[in-house]
Amino acid sequence: MPSGSPPVIDFNAPADEVARHLVGVTLLVDGVGGRIVETEAYDWDDPASHSFRGPTARNASMFGSPGRAYVYRSYGIHWCLNFVCREKGHGAAVLIRAIEPIMGLERMRERRGLDEVRLLCAGPGRIAQALGIDVSFNGKSLDAPPFLLIAPADGEPEVVVDAGPRIGISKAVNMPWRFGEKGSRFLSKPFRRKP
DNA sequence: CTAGTGATCCGCT
DNA sequence: GCGGATCACTAGA
């Protein structure tokens with residue numbers, strides 16, 4: 001292996017591939033966070049993606065370099081964190097939907113005003129609140145502080161990933177671009193049994 | 001467990 | 001004006 005640590009994940013890949021590989025990766029923001037257990041892919045030719053109709057002021061970072069954050073306001077109330085992927089010009093990203101809280105539990109509890117660990121990061125808006133994410137993080141590189149991504153440790157059992165339809169959208173509702181760790185109790189919503 | 005509802009802002013048509 | 005990549009809460013099965 002060359003000097004330095006290998007990249008945790010290659011963001012220069014199709015969004016659904018990145019989304020699948022992110023499950024099991026640890027995300028920390030200023031040392032607070034845990035294992036990503038649920039993601040959704042929004043690809044460049046995807047009618048449900050914010051990037052579908054081309055670049056605008058809001059989605060500009062989706063058209064920037066891969067490996068950066070795209071943060072947007074949802075329903076006028078919440079912030080949602082995405083990881084930009086693929087090459088410039090296309091506009092694709094992965095929405096981080098749920099995290100298994102591991103580091104900085106007390107900090108997350110304070111921010112969320114809630115004790116129950118299961119609900120600290122079970123949903124994109126909840127994650128942003130628990131990790132202190134807001135629009136000022138938009139466009140920041142995921143390779144540098146305050147962000148830290150950590151690949152699953154060698155020898156750790158491989159994560160079994162479920163896939164299913166995405167949540168809360170009205171276009172391309174049947175595309176199975178939601179991914180999650182099978183059986184995790186920290187998901188924003190369970191995956192249905194047998195299709 | 002699922003289903004329904006109001007809150008609350010801003011980007012886009 | 002409209003309608004969200006949501007959440008907290010309530011009611012009911």
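Order of the sequence lines fixes the chain letters, A, B, ..., with proteins taken first and strands second; residue numbering starts at 1 for each chain.
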Student check: side-chain heavy atoms of A/I99 and A/M108 closer than 4.5 Å: no
Neighbour count above 12 (heavy atom, 6.0 Å) for A/K140 NZ: yes
Atom pair distance, as rounded to whole Å: CG in A/N59 and P in C/dA5: 12 Å
Selection from C/dT6, C/dC7, B/dG11 that lies nearest to any side-chain heavy atom of A/T56: B/dG11
A/R68 side chain vs A/G139 backbone, donor-acceptor pair below 3.5 Å: yes
Atom-to-atom span, CG of A/D43 to C1' of C/dA5 - whole angstrom: 14 Å
Aromatic-base stack, A/Y42 on C/dA5, cutoff 5.5 Å, angle under 30: yes
Phosphate contact (C/dT6 OP1 or OP2) by A/S188 side-chain N/O below 4.0 Å: no
Any donor-acceptor pair under 3.5 Å from A/N82 side chain to A/A93 backbone: no
A/Y75 side chain, from C-beta outward: closest of C/dA5, B/dC9, C/dT6: C/dT6
Side-chain N or O of A/R126 closer than 4.0 Å to phosphate OP1/OP2 of C/dA8: yes
Short side-chain N/O contact to B/dG11 OP1/OP2 from A/R53, under 4.0 Å: no
Heavy-atom neighbours of A/E158 CD exceed 12 at 6.0 Å: no
Stem list, DNA chain C (Watson-Crick or G-U pairing under 3.5 Å, at least 3 consecutive pairs): B:1-7 with C:6-12, B:9-12 with C:1-4
Distance test, side-chain N/O of A/H78 to OP1/OP2 of C/dC7, below 4.0 Å: no
Atom pair distance, as rounded to whole Å: CZ in A/R111 and C1' in C/dC7: 19 Å
Rounded distance (Å) that lies between atom P of C/dA8 and atom CG of A/L114: 7 Å
Length of the CZ-P vector between A/R73 and B/dA7, whole Å: 17 Å
Between C1' of C/dA8 and CG of A/L120, the distance in whole Å: 15 Å
Salt-bridge contact A/R20-A/E17 (side-chain N to carboxylate O under 4.0 Å): no
Position toward the 5' end of DNA chain C (nearest nucleotide), A/R112 or A/R58: A/R58
Along DNA chain C (nearest heavy atom to each residue), the more 5'-positioned of A/Y70 and A/L119: A/Y70
Nucleotide C/dG3, atom P - distance to NE2 of A/H50 in whole Å: 16 Å
A/A41 backbone acceptor or donor facing A/R166 side chain under 3.5 Å: yes
Touch class at under 4.0 angstrom, heavy-atom based, for A/I169 against every strand present: sugar-phosphate
Between C/dA5 (P) and A/L187 (CG): distance, integer Å: 21 Å
Shortest non-hydrogen separation from A/G180 to A/L187 and the atoms involved: CA-CD2, 4.3 Å
